[in-house]
Peer 1: 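Handing you this structure, nothing more for now.
This is a predicted model, so every value here is computed, not measured. All values below come from the heavy atoms of this structure, side chains included, with hydrogens, waters and symmetry mates left out.
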Amino acid sequence: FDLFCKELAEKVSQHRAAFDEADIPSNYLCEIMADIMSDPVMFPQSRKVADRTSALRVIMGNDRDPFANTPCKVEDLIPQTELKEEIHRFAKEKGIALEGGNMFD
């Protein structure tokens, strides 16, 4: 167990270092959590882009676009597939771990 903990700590340290060293473009960051996105979606009214996980959490709480304060349902979110591919390529190149894994691994 101790070995597992040490290996896990080392892996986390490597991922943090890669994240800190990468100059992440602002359009790759979630407008809710300010973290790199793994599955970007756009809110239909405000046109703001957030990671799907964060967007779902907000919508499940109150069925509203948090930026426009207008009604919004999960099925209204617009997937950003081209941006997702860009982010996954960037993360792969920079050694940054993404939530849910990288589509190019």
Peer 1: First locate atom CZ of R52, then atom OG of S38, and finally report the distance between them rounded to the nearest 0.5 Å.
Peer 2: 9.5 Å

Peer 1: Examine L56 and F67 and state if one hydrophobic cluster contains both, with Ile, Leu, Val, Met, Phe, Trp and Tyr joined whenever side-chain heavy atoms are less than 4.5 Å apart.
Peer 2: yes

Peer 1: Are I96 and I24 side-chain neighbours, meaning at least one heavy-atom pair lies under 4.5 Å?
Peer 2: yes

Peer 1: Between atom CG of L98 and atom CG of D105, what is the distance when rounded to the nearest 0.5 Å?
Peer 2: 8.5 Å

Peer 1: Honestly curious: do M60 and I32 fall in one hydrophobic cluster under the side-chain, below-4.5 Å linking rule?
Peer 2: yes

Peer 1: Under 3.5 Å, which donor-acceptor pairs do the side chains of residues 70-81 form with other protein atoms, sequence neighbours left out?
Peer 2:
from : atom 1 : to  : atom 2 : distance (Å)
D76  : OD2    : K73 : N      : 2.9
Q80  : NE2    : I78 : O      : 3.1

Peer 1: When you measure from the side chain of H88 to the backbone of M103, do you find a donor-acceptor pair of N or O atoms at a distance under 3.5 Å?
Peer 2: yes

Peer 1: Do D51 and M33 come close enough that some side-chain heavy atom pair is under 4.5 Å?
Peer 2: no

Peer 1: Enter the distance from I36:CD1 to Y28:OH here, rounded to the nearest 0.5 Å.
Peer 2: 8.0 Å

Peer 1: R57: which residues meet the salt bridge (Lys or Arg N to Asp or Glu O under 4.0 Å) condition with it, sequence neighbours left out?
Peer 2: none

Peer 1: So for atom CD, which belongs to E85, do other residues, nucleotides or ligands contribute more than 12 heavy atoms lying within a distance under 6.0 Å?
Peer 2: yes

Peer 1: Please determine if R89 and E93 form a salt bridge, counting it only when a charged side-chain N lies under 4.0 Å from a carboxylate O.
Peer 2: no

Peer 1: Are any non-hydrogen side-chain atoms of D39 and T53 less than 4.5 angstrom apart?
Peer 2: no

Peer 1: Enumerate, atom names and distances included, each donor-acceptor pair closer than 3.5 Å involving a side-chain atom of residues 42-50, sequence neighbours excluded.
Peer 2:
from : atom 1 : to  : atom 2 : distance (Å)
S46  : OG     : K48 : N      : 3.3
S46  : OG     : D65 : OD1    : 3.2
S46  : OG     : D65 : OD2    : 2.9

Peer 1: Is it true that, when you exclude F104 itself, more than 12 heavy atoms of the residues, nucleotides or ligands shown sit nearer than 6.0 Å to its CZ?
Peer 2: yes

